[in-house]
Engineer: 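Could you have a look at this structure, given as structure tokens, before my questions?
Naming convention: chains lettered A, B, ... in sequence-line order (proteins, then strands); numbering from 1 in each chain. Keep in mind that this is a model prediction, so the values were computed, not measured.
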Number of protein chains: 2
Amino acid sequence: MDAALKEPFNREKQFATKRQAVILAAGQAFRRRGYHNASMTEIAKTLGLTKAALYYYVRNKEEVLFECHLMAYDAMDEILASKPKGIVALDRLEALFIDLVEMLTASGVSLLTDVNSLGAENKTVVLTRRGKIERKIIRLVKEGQKDGSIRSGDARLHVFFFMGALNWLNAWYDASGRLKGEDIAVHFALQMRAGIAS
Amino acid sequence: MDAALKEPFNREKQFATKRQAVILAAGQAFRRRGYHNASMTEIAKTLGLTKAALYYYVRNKEEVLFECHLMAYDAMDEILASKPKGIVALDRLEALFIDLVEMLTASGVSLLTDVNSLGAENKTVVLTRRGKIERKIIRLVKEGQKDGSIRSGDARLHVFFFMGALNWLNAWYDASGRLKGEDIAVHFALQMRAGIAS
DNA sequence: AATAAATTTGACTCAAGAGTCAAATTTATG
DNA sequence: CATAAATTTGACTCTTGAGTCAAATTTATT
């Protein structure tokens with residue numbers, strides 16, 4: 001391994017990793033206590049750092065919130081993209097939903113809803129991103145209505161209904177509780193499915 | 001009408017009415033922009049008042065948030081209590097859900113989720129209150145599982161799923177949009193029902 | 001060990017918004 | 001109209017937490 005080649009790469013990589021740790025920890029704090037109730041000092045303490053050290057990794061608090069949103073949407077996009085094309089739309093949607101719930105309960109990634117604490121710029125980006133995801137899922141639902149697996153009705157409302165379950169999950173789910181993420185995923189997927197199946 | 005009797009009563013009543021208007025307006029602001037993003041000055045301006053005037057009606061901002069929660073739970077309790085006992089549990093649940101959605105879309109009452117901005121005292125009260133409502137609905141679901149109208153499975157999860165839809169509704173619903181609250185109510189009730197029906 | 005780069009910190013500044021209060025204004029009553 | 005109570009306001013204070021920065025400390029490199 002050529003040190004001259006490897007090390008500058010590792011440096012950046014280490015920095016990026018630590019930065020991600022900051023975003024992740026902040027996300028947890030924002031999810032549990034709310035964006036404004038969670039102070040940077042508090043988040044820093046979680047990581048065994050001081051507030052000033054945090055600012056070595058991020059520009060400001062809003063940027064952290066922004067990155068939290070992006071992190072969640074990246075994870076969702078990945079799941080969205082990984083869905084095989086074979087089967088009937090309802091089955092694909094169910095598999096998708098299971099993956100989403102498992103990701104949210106297992107990965108530590110937080111799906112935040114506070115979009116108003118972002119500046120106009122970032123808010124637009126986040127809402128656009130969310131919109132794209134919603135539209136993909138709506139499209140999937142419409143496919144299902146075409147292939148006969150999903151019953152008719154406003155596809156957008158179909159989706160908003162069960163996306164609510166997903167967002168709300170983030171508010172009440174506690175990893176240390178008795179319910180395992182996997183079980184919730186199976187239950188929720190079934191309920192989601194039954195709610196819109198033909 | 002005896003003035004001596006009527007007027008002192010009206011005074012209080014007028015005060016209470018104005019106070020409620022403050023709570024309601026604040027609730028809208030909190031829902032749209034978030035508790036911390038909505039300033040008291042801003043809320044006052046909405047009502048054609050100045051911040052200082054607001055403080056004639058309320059002790060502090062937290063109290064307003066607290067009252068917002070209570071207002072929503074009062075409205076929900078009222079609906080919960082009004083449900084006739086006759087029919088099968090699933091039907092009662094559906095009727096209930098329709099009423100809840102219509103209330104949230106029509107009344108201007110906001111179902112807030114920010115419970116962490118409350119002091120320990122008030123937070124406990126609110127969570128207890130929410131817990132009671134959830135438990136009532138869970139009980140109803142269990143009844144349904146007994147009378148055969150609702151399929152088996154963790155009743156708590158059944159409920160958390162569709163309560164998510166309700167909470168999320170508050171985040172995206174816009175009274176000035178194309179979707180009428182009544183239509184959403186019917187759609188959501190159907191989807192809720194299908195999701196847990198036997 | 002000496003040097004340089006990366007990382008962390010204590011001790012600050014600063015802004016925003018909650019909350020106060022004495023005085024002004026409005027409303028109701030005799 | 002005069003008086004008192006209710007309501008509203010402008011002009012404050014105070015707190016909290018975001019964000020900064022020069023200096024200290026740690027880590028890597030020769």
Side-chain angles (χ1 to χ4, degrees), chain A residues 1-23 25-26 29-30 32-68 114 116-119 122, chain B residues 1-23 25-26 29-30 32-68 114 116-119 122:
Chain A
M1 319 152 191
D2 188 356
L5 223 65
K6 197 182 82 185
E7 269 156 30
F9 176 77
N10 273 341
R11 275 285 161 68
E12 283 175 28
K13 197 174 171 182
Q14 276 168 36
F15 180 90
T17 303
K18 286 185 190 172
R19 194 184 132 97
Q20 283 308 302
V22 169
I23 312 285
F30 294 164
R32 278 201 257 279
R33 320 217 322 134
Y35 176 69
H36 289 281
N37 297 319
S39 72
M40 290 300 262
T41 306
E42 174 190 335
I43 293 165
K45 222 168 283 171
T46 297
L47 295 161
L49 291 179
T50 198
K51 176 172 62 157
L54 273 200
Y55 280 90
Y56 180 69
Y57 295 100
V58 297
R59 205 180 309 284
N60 54 47
K61 194 181 182 185
E62 193 208 315
E63 185 188 76
V64 178
L65 178 59
F66 181 60
E67 296 280 11
C68 285
D114 184 349
N116 292 301
S117 301
L118 294 168
N122 288 340
Chain B
M1 324 154 191
D2 186 357
L5 224 63
K6 196 182 83 183
E7 269 155 31
F9 175 73
N10 273 343
R11 274 284 162 71
E12 284 175 28
K13 197 174 171 183
Q14 276 168 36
F15 180 90
T17 303
K18 285 186 190 173
R19 194 185 132 96
Q20 283 307 302
V22 169
I23 311 284
F30 294 163
R32 278 202 257 278
R33 319 217 324 131
Y35 175 69
H36 289 281
N37 298 318
S39 72
M40 290 300 263
T41 307
E42 174 190 336
I43 292 165
K45 222 168 283 172
T46 298
L47 294 161
L49 291 179
T50 198
K51 176 171 62 156
L54 273 201
Y55 282 89
Y56 180 70
Y57 296 100
V58 296
R59 202 179 311 286
N60 53 46
K61 196 182 181 184
E62 194 208 314
E63 184 187 77
V64 178
L65 178 59
F66 180 60
E67 296 281 9
C68 285
D114 185 349
N116 292 301
S117 301
L118 295 167
N122 288 340

Engineer: Calculate the interatomic distance between A:Leu65 atom CG and D:dA18 atom P; express it in whole Å.
Structural biologist: 12 Å

Engineer: Rounded to whole Å, how long is the line connecting atom NZ of B:Lys18 with atom P of C:dT26?
Structural biologist: 14 Å

Engineer: So B:Ile43 and B:Leu49, do their side chains get closer than 4.5 Å, heavy atoms only?
Structural biologist: no

Engineer: Measure CE/B:Met40 against P/D:dG10 and give the value in whole Å, please.
Structural biologist: 17 Å

Engineer: Starting at atom NE2 of B:His36, determine the distance to atom C1' of D:dT16, rounded to an integer number of angstrom.
Structural biologist: 12 Å

Engineer: Please enumerate all residues that pass side-chain contact (heavy atoms from CB on, under 4.5 Å) together with B:Thr46, with sequence neighbours excluded.
Structural biologist: none

Engineer: Can you tell me how far C1' of C:dA5 sits from CD of A:Gln14, to the nearest Å?
Structural biologist: 13 Å

Engineer: Sort out the partner of D:dA23 for me: Watson-Crick or G-U wobble, both distances under 3.5 Å, none otherwise.
Structural biologist: C:dT8

Engineer: To the nearest angstrom, how far is B:Phe15 atom CZ from D:dA5 atom P?
Structural biologist: 17 Å

Engineer: Under 3.5 Å for both donor-acceptor distances, Watson-Crick or wobble: does D:dA2 have a partner, and if so which one?
Structural biologist: C:dT29

Engineer: Going by heavy atoms in the side chains, are A:Thr50 and A:Lys45 under 4.5 Å from each other?
Structural biologist: no

Engineer: Between C:dA16 atom C1' and B:Asn37 atom CG, what is the distance in whole Å?
Structural biologist: 12 Å

Engineer: With sequence neighbours excluded, give me every salt bridge (charged side-chain N to carboxylate O under 4.0 Å, His left out) pair touching residues 48-63 of chain B.
Structural biologist: B:Arg19-B:Glu63, B:Arg59-B:Glu63

Engineer: State, with a plain yes or no, whether a side-chain heavy atom of A:His36 is found less than 4.5 Å away from one of B:Asn37.
Structural biologist: yes

Engineer: Look at the aromatic rings of B:Phe30 and B:Tyr35 and report parallel, tilted or perpendicular, splitting at 30° and 60°.
Structural biologist: perpendicular

Engineer: Scan residues 41-58 of chain A against DNA chain D and write down, sorted by residue number, each residue with any heavy atom closer than 4.0 Å; if none is found, say none.
Structural biologist: A:Lys51, A:Ala52, A:Tyr55

